Amino acid sequence: MPELDNVAIARQLELMGDLLEIAGADKFRFLSYRKAANSIRAWPEQLSALADDGRLTEVPGIGKKLAASIEEMLHRGTFAELEEAKKAIPPGLVEVMDIPGVGPKRAKQFYDKLGVDSVGALNKMLDSGKLEKLGGMGAKSVENIRKGHAAYLAHHGRMLLMDALPLADRMVEKLEALPSVVRAVPAGSLRRMQETIGDIDIIVASDEPEVVMAAVRDLPVVAEVIASGATKTSVLTTSGPQVDVRVVRPDEFGAALQYFTGSKEHNVHLREIAKKRALKVNEYGVFRVGEDGSEGQRLGGASEDEVYRLLGMEVPPPEIRHDTGEIDAAEAHELPRLLESGDIRGDFHVHSSSTDSHSTIEENRAMASELGYEYVVVTDHAYDLRMVGGLSVEQLEEQWAHVDRLNAEDSGPVVLKGIELNIGADGGVDYGPDVLARFDLCVASLHSGWNEPAEVVTQRLLRAMENPFVDIIGHPTGRVIGRRDPLSLDMDAVLAKAAETGTIMEVNAYPDRLDLCDTHLRLARRLGVRIAIGTDAHRAEHMRYMRYGVATCRRGWISAEECLNAQPLDVVRSWLRRSR
DNA sequence: GCCGTTTTCGGCCCGACTGTTTTCAGTCG
């Protein structure tokens, strides 16, 4: 019986919540499953370990009942209630709810009346004309679901942050150019810098909403207007993603930005706290609630600072608003000062044209200079990755001589001699200690093993970390977002070994990797493991992806003190294992 | 199903837009 990790447990609870919702269960009952799943996904320890000590109920949202279900899951791989729920509602119906325009009620109706139990089955019904005959469904509703189904097929799976950010920036720029617009800011998952984005939310401050709504409908990137009311317009853009633009009065801007930045879980928790203090928070401001429960005096909401201040809190950075501890920290005025782009002094993972990059070491160095860096590391592929021209010792000698000349020439950023080693089947690396000792630093990465069991991959990684010349582990889980699952690894064991050996863990900033991810980073931080961001640039421009690495670190609560990139060169050297 | 400095019972966040409803339900965020 393979051990269920936290994500697997969270998924089962989410499925249970979805099935309960479709079945028409009490709202707060199914919400409690989702709430528990949310905190489990972010929990730094494995629940299997907590269960052994009888500490499951320490996780917020897990009570006696869910603790028992989780114990059962850990033993049997599933739990009785879920099996029962699956008999009542086919799990395929859950996916039908992913179609815009179909929620739990309609999904249930389609199943009960037409036997729809999957997206495919719904597609057939769309063509049959039977949907129109159902109660409460008119021609327009069916047409909306038809469009939703098309959008689901075309755009199922979310877009990468790097694809969404430039589109949002362009739209914001156009809107801010309007005379009637005071401010326009992207909110939602984009502002929280999530790895992937579903749709784009933009909040606009203006006293002339109708002018803004008309302007949004006329934006050149708009392919279709889905809905357009007095204060909200939803459009499909030519590149695919849906964009929702909301207009608020300038004195409501902070409240609206806070509200639409989310996350949903963060906001729910915030409003609970407000309510306990006889306050109400909505997208228009913070209000005192009257004795009779009526909405009383408006206390503020022009800025986000004001909203949180009225609740007695510091402002949590958008990246950490997941309701995974940031609200407690904000109330206690104990939020960490997170790493910022301005803290970054260099890049620890950059390839050159000596192997498979399009850019030379000089071009990388020029980019480092443009970015204001003090140093940049060349980490070309090592010998064993022959496929991309991994370097022989002779080629390395040439590169080192070249780097020495560059560093002697002028006063640009210092180029460090690095390498991206391959972790072999036995945990060994490409070169012997005599060669490894000559690098300034070594990154070591797994480039194989996607079909190996967790124990094997974990052992390879642990072995590599016992090599005193391995300074940094590159893209530790090997995932490629939307294309390749992470390696199955015992991350607790890996990070414990990193703490023990002083090995630094990489945050690979390449936008479809972002590896380590936020949850692993929070665990690393707890264990005292240090972090290095590398862009894995394969052309000099890729070094600009550093912003995605910084965002990932921020989502993992990493501060400048914990990040190698924020240190001056002499401190960098002192953190490396080889210098101890 | 969870949770408690108002509570171990009775709460649990809030509003906009759409369509088909003749007064509101469903969906979405």
Side-chain angles (χ1 to χ4, degrees), chain A residues 13 16-17 20-22 24-39 56-70 79 81 85 96-110 132 134-145 147-148 187-192 197-203 209 213 225-234 242-248 252 255-256 258-287 289 295 311 323 331:
Chain A
L13 294 178
M16 182 69 191
L20 285 172
E21 184 180 19
I22 296 173
D26 176 67
K27 177 176 157 194
F28 299 105
R29 187 157 164 245
F30 66 75
L31 283 178
S32 64
Y33 278 90
R34 292 194 194 141
K35 203 167 182 175
N38 180 51
S39 59
L56 281 173
T57 52
E58 284 179 18
V59 180
I62 298 184
K64 259 176 122 170
K65 180 68 174 54
L66 283 183
S69 297
I70 291 166
F79 59 110
E81 284 93 341
V96 175
M97 281 204 299
D98 288 341
I99 294 173
V102 182
K105 296 294 192 297
R106 283 178 179 164
K108 180 71 163 33
Q109 187 186 26
F110 297 163
E132 283 91 335
L134 296 174
M137 296 284 296
K140 283 202 172 172
S141 295
V142 174
E143 189 49 33
N144 278 342
I145 290 170
K147 280 183 186 166
S189 51
L190 197 75
R191 185 157 180 251
R192 300 198 308 276
I197 304 294
D199 54 25
I200 297 172
D201 290 298
I202 298 175
I203 309 301
M213 296 287 82
V225 177
I226 300 169
S228 189
T231 61
K232 177 189 166 185
T233 293
S234 298
Q242 179 173 327
V243 181
D244 295 342
V245 181
R246 295 161 203 275
V247 184
V248 297
E252 295 168 341
Q258 190 289 317
Y259 180 84
F260 289 108
T261 296
S263 69
K264 193 171 178 176
E265 292 79 8
H266 175 89
N267 285 355
V268 166
H269 193 166
L270 210 64
R271 287 186 297 239
E272 277 170 13
I273 288 174
K275 198 165 181 177
K276 282 178 191 153
R277 298 184 182 173
L279 298 172
K280 188 176 81 168
V281 183
N282 61 22
E283 57 262 57
Y284 302 109
V286 180
F287 300 84
V289 176
E295 188 172 288
L311 296 170
D323 191 28
E331 279 193 297

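Letters go in sequence order (proteins before strands), and every chain restarts at 1. If you're wondering where the values come from, they're calculated on a predicted model, not measured in any experiment.
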Counting heavy atoms from C-beta on, name the nucleotide in dG15(B), dG1(B), dC12(B) closest to the side chain of K280(A).
dG15(B)
Rounded to the nearest angstrom, tell me the gap between atom CD in E331(A) and atom P in dT5(B).
12 Å
Sorted by chain and residue number, the side chain to side chain donor-acceptor pair (under 3.5 Å) partners of S141(A) (sequence neighbours excluded) come out as none
Would you please name every residue forming a side chain to side chain donor-acceptor pair (under 3.5 Å) with S263(A), sequence neighbours left out?
E265(A)
Can you find a side chain N or O atom of S141(A) that sits less than 4.0 Å from OP1 or OP2 on dT20(B)?
yes
Heavy atoms from C-beta onward define the side chain here; which of dC12(B), dC14(B), dG29(B) lies closest to that of R271(A)?
dC14(B)
Judged by nearest nucleotide, the residue sitting upstream toward the 5' end of DNA chain B, Y284(A) or R277(A), is R277(A)
Could you write nucleotides 22-28 of chain B as a row of B, S and -, 5' to 3', where a protein heavy atom under 4.0 Å of any base atom gives B, of only sugar-phosphate atoms gives S, and otherwise -?
----SSS
5'-most contact on DNA chain B (nearest-nucleotide basis), L31(A) vs K64(A), goes to K64(A)
Could I get the full list of side chain to side chain donor-acceptor pair (under 3.5 Å) partners for S69(A), not counting sequence neighbours?
none
Under 3.5 Å, is there an N or O donor on one side and an acceptor on the other linking the side chain of Y259(A) and the base of dG29(B)?
yes
I'd like a list of close polar pairs between nucleotides 9-11 of chain B and the protein, N/O only, cut-off under 3.5 Å.
none

Would you say N282(A) reaches dG15(B)'s phosphate, i.e. side-chain N/O to OP1/OP2 under 4.0 Å?
yes
Is dT21(B) syn or is it anti, if syn means the base angle is within 90 degrees of 0?
anti
Kindly say if N144(A) contacts the phosphate of dG19(B), meaning a side-chain N or O under 4.0 Å from OP1 or OP2.
yes
Let me know the distance between CG of D323(A) and P of dC2(B), rounded to the nearest Å.
16 Å
Tell me whether the side-chain N/O atoms of R29(A) come closer than 4.0 Å to OP1 or OP2 in dG1(B).
yes
Looking across every strand, which nucleic acid part, if any, lies under 4.0 Å from A139(A) by heavy atom: base, sugar-phosphate, or nothing?
sugar-phosphate
Give the rounded distance in Å between these two atoms: CG of D201(A) and P of dC17(B).
14 Å
Selection from dG1(B), dC17(B), dG29(B) that lies nearest to any side-chain heavy atom of T231(A):
dC17(B)
Results of side chain to side chain donor-acceptor pair (under 3.5 Å) for H269(A) - residues two or more places apart only:
D323(A)
Watson-Crick/G-U partner (both atom distances under 3.5 Å) of dT8(B)
none
